[in-house]
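Each chain gets a letter, A, B and so on, in the order the sequences are listed, and its residues count up from 1.
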Amino acid sequence: MARSAEHIIQGTLQVASLPTIYIKIDEALNSANCSNQYLVDILSEDTALSARLLRLANSAMFNFPSKIDSVSQAITIIGTQQLRALVLASSVMKLFKDIPEELINMEMFWRHSIACAVSARIIASLRRAANVEYFFLAGLLHDIGRLIMFKEVPNEISTAMQQAKQTQQLLFKTEKEILGFDHAKLGGMLLKEWKLPAQLIDSTAYHHYPRRSADFKDEVAVIHIADIIANSLQLGSSGEHLIPTLDNQAWDCIGLPDAIVTTVIDELHKQYTIAVDFVLGTSEPDETIANSGAA
Amino acid sequence: MAKILLDNVEIGMELDADVVDRQGRVLLKSGVILSEKHLRVFNTWGILEVEIKGDVDAKETKKHYSPELIEEANQLAKIHFKHNDLNHPVIKSLFDYWQNHYMENKVS
């Protein structure tokens, strides 16, 4: 008998609670009077992450003329919104670091998520949306449900991947046939348990069916389209081998001209490598998963 | 007449339709010859595309691929996009991108 989605999420929560470091950083950034020193104190719990921030601030990405030697300065250079994305990404990466290579190449998985995140941020900017970094976060997390599947039901997802390939079906539809639910639903459930903002929950839960979101149709439509662009450009892979179906109404509801897609592609190519460096720290392969003591 | 993205608009082009903002307010009338200042204003107001008088040549220079490679790329692209409406302009752009990317990788 296959496990229910609720049962899987309960299993995941036992080993993968949202790291306190992210919760603390998020609370601090949401409060009106958050000082840099307070952020530094929180980050000191995770020395690997602090060291990474310093390296990032000193990297060519920010091209700062003098050496940055304190975490406090590094936060100023990197920016608080980007700090939130980095802490969340590195926290989630740690939680799902031990997924076997035979199932999915984790670097490829995160590259797909980053391509979706960057596309979403570009589309949101073109729409002049407020809080564009939220779209970046939503893109990073949109396929987290698949990581839960790789961890909790590896045999079923492996069968689903083979079957989807043989039948040329979309993987999320085959997941539903085999398990009774897809990765999007699982991801949404986990983010809800983690008490992340509703926009992030809906963006994950409904990224294949954006009109099912009650309160964030436009925002979810952005992730839906960003995911299709990331798949089409084959930047990384989260296991899907075909291009998910574009919901025409979702495209209409974001209100951008059809031809804008070429601008998004050009801009994605410009920002992608930098974003990969930012999130994955490619020059430091084990850094993101080195310190697992923060959970 | 051609609808083109702001990135491809050049100074000296003539507007073929009024440019309006999201609220429908007219920012610039049809017939205006565009100057650098106009392009700056478009950027400020978030205008993404405008209609320009006359034919605007497509800038892309198509590489020459063998008919066999084009056919192979086309067939594979059709499989990858089989769950999408190939007549949708956005999907068409992504389909073309996928196909070109495949052919570029094959010959390089």
Fill in the blank from the handout: Those residues of residues 88-98 of chain B that come under 4.5 Å of chain A on a heavy-atom basis, listed by number, are B:H88, B:P89, B:V90, B:I91, B:S93, B:L94, B:Y97, B:W98
Problem - Within-4.5 Å side-chain heavy-atom neighbours: B:H83 and A:L242 - result: yes
Problem - Under 4.5 Å from a heavy atom of chain A, the part of B:I79 involved - result: both
Practice task
Output every pair passing ring pair (Phe, Tyr, Trp, His ring centres under 6.0 Å) with a member in residues 143-186 of chain A, not counting sequence neighbours, ordered by first then second residue.
Solution key: A:F172-A:H208, A:F172-A:Y209, A:H183-A:H207, A:H183-A:H208
Problem - Heavy atoms from other residues, nucleotides or ligands near CD of B:Q75 exceed 12 (cutoff 6.0 Å) - result: yes
Exercise for the section: Might you work through the side chain to side chain contact (heavy atoms under 4.5 Å, CB included) test for A:L233 and B:H101, ending with a clear yes or no? Expected result: CA-CA 8 Å; A:L233 269 60; B:H101 185 67; over 6 Å; no
Identify all side-chain donor-acceptor contacts of residues 255-262 of chain A below 3.5 Å with residues at least two apart in sequence or on another chain.
{"residue": "A:D258", "atom": "OD1", "partner": "A:W251", "partner atom": "NE1", "Å": "2.8"}
{"residue": "A:T262", "atom": "OG1", "partner": "A:A259", "partner atom": "O", "Å": "2.9"}

Handout entry: Nearest atoms (heavy-atom pairs only) where A:L246 meets B:N84
Key = N-OD1, 2.7 Å
Practice task
Would you mind telling me which of A:T263, A:I228, A:L170, A:I225 has the largest number of heavy-atom pairs within less than 4.5 Å of chain B?
Solution key: A:L170
Completion exercise
Against chain B, residues from residues 264-274 of chain A with at least one heavy atom under 4.5 Å, in numeric order, are A:I265, A:H269
Practice task
Please look at A:Q169 and chain B and tell me whether the side chain, the backbone, both or neither of the residue comes under 4.5 angstrom of a heavy atom of that chain.
Solution key: both
Handout entry: From CD (A:Q234) to NE2 (B:H80), nearest 0.5 Å
Key = 5.5 Å
Handout entry: Gap separating the NZ atom of B:K82 from the OG1 atom of A:T245, nearest 0.5 angstrom
Key = 11.0 Å
